[in-house]
Amino acid sequence: NYSYLCIECHKSFTHNFDNKEDLIKELKNKNLINKESILEMISNREISKEHLVFLKNEHFINEALYSEFIELVDGIHG
């Protein structure tokens, strides 16, 4: 998640529940979260299963990508 947001933006995103939907929509519109960036974070061990659950629940990724990414995380993280 820090790969997408600076520390101050992350704090705002994490703790500002009133504005969270707008912030998620903005991230989606900018296409900052995409297959390539997620694969890079997986290979760099910068993303966890919990992050992937969030991305799936917020519709950044679909079920097929979620399953693919979970397999990769399991393979890398052991």
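We number each residue from 1, following the sequence as shown.
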Salt bridge (Lys or Arg N to Asp or Glu O under 4.0 Å) for Glu68 and Lys35? Distances and angles first, verdict last.
CA-CA 10 Å; Glu68 176 184 336; Lys35 184 174 182 176; 3.6 Å; yes

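- Atom CD of Glu63 is separated from atom CD1 of Ile61 by 8.5 Å, given to the nearest 0.5 angstrom.
- From Phe54, atom CZ reaches atom OG of Ser48 across 11.5 Å, with rounding to the nearest 0.5 Å.
- Counting heavy atoms from C-beta outward, Asn31 and Asn34 have side chains that approach closer than 4.5 Å.
- The closest donor-acceptor contact from the side chain of Asn44 to the backbone of Glu46 lies at 3.5 Å or more, if one exists at all.
- Taking CG of Leu65 as the reference point, atom CD1 of Ile38 lies at 7.0 Å (rounded to 0.5 Å).
- Side-chain atoms of Lys56 never come within 3.5 Å of backbone atoms of Ser67 as a donor-acceptor pair (strictly under, hydrogens ignored).
- The structure places CG of Leu52 at 8.0 Å from CE of Met41, a figure rounded to the nearest 0.5 Å.
- For the atom pair Ile47 CD1 and Ile76 CD1, the distance stands at 11.0 Å (nearest 0.5 Å).
- Considering only heavy atoms from C-beta on, Phe69 stays 4.5 Å or farther from Leu55 through its side chain.
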